[in-house]
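In this chain, numbering begins with 1 at the start of the sequence shown.
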Amino acid sequence: MSALSPIQNRDISYHLHPYTNAVKHAQVGPRVIERGQGIYVYDDQGREYIEGMSGLWSVAVGFNEPRLVRAAADQMGKLPFYHTFSHKTHTPSVELAEKLVQLTKGRMRSAFFTNSGSEANDTVIKMVWYYNNALGRTNKKKIIARNKGYHGVTVASASLTGLAPNHRGFDLPLAQMKHVSCPHWYREGQPGETEEAFATRMAAELETLILEEGPDTVAAFIGEPVMGAGGVIVPPATYWDKIQAVCRKYDVLVVADEVITGFGRLGTMFGSQKFGIEPDIMVLSKQITSSYLPLAAVLLGDKVHSVIARYSGELGTFGHGYTASGHPVATAVALENIRIIEERGLVENAARMGEVLQSSLRALNDHPLVGEVRGTGLIAAVELVADKNTRRPFDPLGKMGAAIFEKAHEHGLIVRGIQDSIAFCPPLIIDEQQVHDMVGRYVDTLEDVRSLAD
């Protein structure tokens, strides 16, 4: 291993990283990313990488969009900060709230701003509890999420998350949060079970849990239209219709976590459109600003908004909010980011380039290490297996994914290993040649590590 640079050593000394093995980090040091250009980022040694994950599923317009820089600078010069507490507001937050509601074609009624998807889902939990207290349903507080779902890392939102690394060592999940199966037919389907039958079984499992817990205690069901951090899981075609029918039957709110799928990722403005989801609450973040600044939004349908608004009048306030709720610079950047997405047809580009990405990756289906290729729009995953016929995973699980993640850097590619599923989620600005280049670099990486399967 080459000697670490001064900046790497300082990082090890002073910086505790998220989602990182601190012991290993002290041994190998960080990769220092210095600048970005379109779909590419560059490290401090000048090496170029295709950022195949849009950072963290989140950079729609690329890594150096000057219009977002100007929007931030202009707003900083005019009003760098003001809050939205106690009847105060400012133009960017008003305009963004209005724009977001308009983008839902009237399905949503209002927007509440936070700084991250984790805070937004934490806020959703409090809103759901507040809503049911307002209706006198003081026992209706449990929220059902899914195994392998990802909804954040605060105490409450991490309890919704269905991934063991977010629970181990943290005394989570909280008791009010329940989980049902991941809707992954390839891994969770029974022998001979069709995808249609699988979706029916998933809905029946949800109904059984609601009945076991008591419908008067279950307040909401939350899910990502397509699961991201759990492995890019695309549910069967009828899954969401059947899940929503169960929720409506027992007066359980439907919460669509669109933190990854919002603003064009699936080739539609929102993932809910793609799957026919009619949420009572939507959660947005990441691509709302292309992650140039921290921002998230909770969108409320009229049913929920009207009850919360009324109850705030009875109690004297809605006693929740953050110093930076609706931060003027972040909301100004979000407005410009959405303008760019619309003006440049990036939702449509995601649909077109998504077809290229999906077909290019599905061409690998005959590869001896490829078990399943899945995805829709500009999000995909390739699950690698030790045995294609039996779908037997590698032992230990995750060794191949970790090897691909590391080796891909040598080919100028940044991807994500989710156990042994390799995820792709490039910026929405990607073109056809760049898609083929990205997949080509992945294929080269796969061949480099093929010996690990032996």
Side-chain angles (χ1 to χ4, degrees), residues 36-41 49-65 67-68 99 103-105 224-228 232-237 240 256 258-277 284 286-291 334 336-365 370 372-382 412-416 421-443:
Q37 177 78 34
I39 70 164
Y40 304 95
V41 294
Y49 308 89
I50 293 177
E51 226 309 347
M53 284 300 298
S54 298
L56 287 174
W57 321 86
S58 57
V59 178
V61 301
F63 287 88
N64 69 324
E65 175 49 60
R67 284 175 57 177
L68 298 192
K99 180 63 176 179
L103 286 175
T104 69
K105 310 297 185 184
E224 305 153 89
V226 170
M227 299 169 96
V232 187
I233 309 301
V234 182
W240 274 108
E258 298 249 18
V259 167
I260 288 177
T261 57
F263 304 101
R265 176 55 54 189
L266 307 187
T268 51
M269 182 59 74
F270 301 113
S272 293
Q273 296 169 265
K274 185 101 173 186
F275 292 96
I277 305 169
L284 306 170
K286 292 190 183 290
Q287 291 193 154
I288 196 171
T289 65
S290 284
S291 289
E336 188 69 1
N337 180 69
I338 294 169
R339 289 188 196 103
I340 293 170
I341 290 173
E342 292 183 317
E343 290 170 12
R344 298 180 184 170
L346 295 185
V347 177
E348 295 78 10
N349 191 64
R352 291 191 303 271
M353 293 304 102
E355 291 180 1
V356 177
L357 175 63
Q358 304 301 331
S359 63
S360 297
L361 290 175
R362 281 172 172 76
L364 302 175
N365 270 324
V370 174
E372 183 189 35
V373 178
R374 54 184 181 263
T376 183
L378 276 178
I379 185 170
V382 179
L413 175 63
I414 295 175
V415 289
R416 182 165 179 173
S421 292
I422 308 304
F424 299 82
C425 187
L428 301 189
I429 62 170
I430 197 167
D431 64 29
E432 185 169 353
Q433 182 276 325
Q434 291 170 333
V435 171
H436 289 303
D437 188 11
M438 178 177 69
V439 174
R441 296 184 192 202
Y442 169 68
V443 172

Checklist entry - Would you say I414 and V41 make side-chain contact, with heavy atoms under 4.5 Å? => result yes
Item to check | R374: salt bridge (charged side-chain N to carboxylate O under 4.0 Å, His left out) partners, not counting sequence neighbours | outcome: E372, E383
Checklist outcome for this item: Heavy-atom closest pair (G375 atom, V232 atom, distance to 0.1 Å) is CA-CG1, 4.3 Å
Checklist entry - Can you name the residues that form a salt bridge (charged side-chain N to carboxylate O under 4.0 Å, His left out) with E336, not counting sequence neighbours? => result R67, R339
Checklist outcome for this item: Here the gap from I277 atom CD1 to W240 atom CH2, rounded to the nearest 0.5 Å, amounts to 4.5 Å
Item to check | Sequence-distant partners of R352, salt bridge (charged side-chain N to carboxylate O under 4.0 Å, His left out), two or more places apart | outcome: none
Next on the checklist: The test is side chain to side chain contact (heavy atoms under 4.5 Å, CB included); show your working for F263 and L103 and say whether it passes.
Outcome noted: CA-CA 10 Å; F263 304 101; L103 286 175; 4.3 Å; yes
Next on the checklist: Run the side chain to side chain donor-acceptor pair (under 3.5 Å) test against S291 and tell me which residues pass, sequence neighbours left out.
Outcome noted: S58
Checklist entry - Roughly how far apart are I340 CD1 and I429 CD1, rounded to 0.5 Å? => result 10.0 Å
Next on the checklist: If I compare all heavy atoms of P427 with all of F63, which pair ends up nearest, and what's the gap?
Outcome noted: CG-CE1, 4.2 Å
Checklist outcome for this item: Between the CD1 atom in I50 and the CE atom in M438, the distance rounded to the nearest 0.5 Å is 7.0 Å
Checklist entry - With R441, which residues qualify under side chain to side chain donor-acceptor pair (under 3.5 Å), at least two apart? => result D437
Item to check | Residues that L364 engages under side-chain contact (heavy atoms from CB on, under 4.5 Å), provided they are two or more places apart | outcome: L361, V370, Y442, V443
Checklist entry - Sequence neighbours excluded, which residues qualify as side-chain contact (heavy atoms from CB on, under 4.5 Å) partners of T261? => result P225, V226, E258, L266
Item to check | L357 side, atom CG; T376 side, atom OG1 - distance, nearest 0.5 Å | outcome: 10.0 Å
Next on the checklist: Could you work out, with side-chain contact (heavy atoms from CB on, under 4.5 Å) as the rule, every residue matching A351, not counting sequence neighbours?
Outcome noted: none
Next on the checklist: Pair F275, V234 - check side chain to side chain contact (heavy atoms under 4.5 Å, CB included), show working.
Outcome noted: CA-CA 10 Å; F275 292 96; V234 182; 4.1 Å; yes
Item to check | Stepwise side chain to side chain contact (heavy atoms under 4.5 Å, CB included) check, M53 with F424 | outcome: CA-CA 5 Å; M53 284 300 298; F424 299 82; 5.5 Å; no
Checklist entry - Considering all heavy atoms of both residues, which atom of G262 and which atom of Q287 are nearest to each other, and what is their separation? => result O-NE2, 3.1 Å
Checklist entry - With sequence neighbours excluded, what pairs up with E342 under the salt bridge (charged side-chain N to carboxylate O under 4.0 Å, His left out) test? => result K99
Item to check | Main-chain N/O of L378 paired with R265 side-chain donor or acceptor, under 3.5 Å | outcome: yes
Checklist entry - Counting N and O atoms only, with roles assigned by atom type, does the side chain of S360 sit under 3.5 Å from a partner on the main chain of V439, one being a donor and the other an acceptor? => result no
Next on the checklist: Using modelled atom types and a 3.5 Å cut-off, is there a donor and acceptor pairing between side-chain atoms of K286 and backbone atoms of L56?
Outcome noted: yes
Item to check | Worked check of side chain to side chain contact (heavy atoms under 4.5 Å, CB included) between L428 and V61 | outcome: CA-CA 6 Å; L428 301 189; V61 301; over 6 Å; no
Item to check | Sidechain-backbone polar pair: E348 side chain, G267 backbone, donor-acceptor under 3.5 Å | outcome: no
Checklist entry - How would you list all residue pairs meeting side-chain hydrogen bond (donor to acceptor under 3.5 Å, both in side chains) that involve residues 426-435, not counting sequence neighbours? => result none
Checklist entry - Where do L346 and A60 come nearest, in terms of heavy atoms and distance? => result CD1-O, 4.4 Å
Checklist entry - Looking at W57 and G228, what are the two nearest heavy atoms and their distance? => result CH2-O, 3.4 Å
Checklist entry - Hey, what do you get for CD1 (I260) to CG (L284), rounding to the nearest 0.5 Å? => result 12.5 Å
Item to check | Contact check, side chains of I39 and P426, non-hydrogen atoms, under 4.5 Å | outcome: no
Item to check | Contacts of Y40 that satisfy side chain to side chain donor-acceptor pair (under 3.5 Å) - sequence neighbours left out | outcome: none
Item to check | 4.5 Å side-chain heavy-atom contact, F270 and V347 | outcome: no
Checklist entry - Who are the side-chain contact (heavy atoms from CB on, under 4.5 Å) partners of N64, not counting sequence neighbours? => result Q37
Checklist entry - Taking all non-hydrogen atoms of both residues, which atom of A334 and which atom of T289 are closest, and how far apart? => result CB-CG2, 3.7 Å
Next on the checklist: A side-chain contact here means heavy atoms from C-beta on lying under 4.5 Å apart; do H436 and V356 qualify?
Outcome noted: yes
